[in-house]
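First the structure, in the form of structure tokens, and then the observations on it.
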Amino acid sequence: MVGRPGLVAARSATGPEPGTRMTTRLLPVPLLSPILHYTGVTYDESGRVVDVTRIHYRGDRFSFTVTLDAE
């Protein structure tokens, strides 16, 4: 959100769920395979949602790295 005036908050959630028929077909993995679901929502100064991101990852080909920098 640095350099994006008016954006003040973001909420992200990541978790596993069994793959749906469509998701497992697109990824291609067997039906009900574990799929990692990511949802991110960004808000402006008035609390209005300005961006929503939904991503589905194969559970067997995902790695997760977080870097936090203090300013």
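Quick note: numbers below take in every heavy atom, side chains included, and nothing from hydrogens, waters or symmetry partners.
A distance of 8.5 Å separates NE2 of H56 from CD1 of I35, quoted to the nearest 0.5 Å. Taken to the nearest 0.5 Å, the CG atom of D60 stands 9.5 Å off from the CG atom of L27.
With sequence neighbours left out, the side chain to side chain donor-acceptor pair (under 3.5 Å) criterion links R21 to no other residue. S33 meets the side chain to side chain donor-acceptor pair (under 3.5 Å) test with no other residue; sequence neighbours excluded.
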Q | Working for side chain to side chain donor-acceptor pair (under 3.5 Å), residues T67 and D69 | A | CA-CA 7 Å; T67 302; D69 295 319; over 6 Å; no
Determine whether V50 and Y43 satisfy the following criterion, side chain to side chain contact (heavy atoms under 4.5 Å, CB included), listing intermediate values before the conclusion. CA-CA 6 Å; V50 294; Y43 303 88; 6.0 Å; no
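Within the 4.5 Å cutoff, no side-chain heavy atoms of R58 are placed close to those of P34.
Of the possible polar contacts, one joining the T24 side chain to the T20 backbone as a donor-acceptor pair under 3.5 Å is found.
Summarising the hydrophobic clusters (Ile, Leu, Val, Met, Phe, Trp, Tyr; side-chain heavy atoms under 4.5 Å, direct or chained), the residues clustered with F62 are L36, Y38, I55, Y57, F64, V66, L68.
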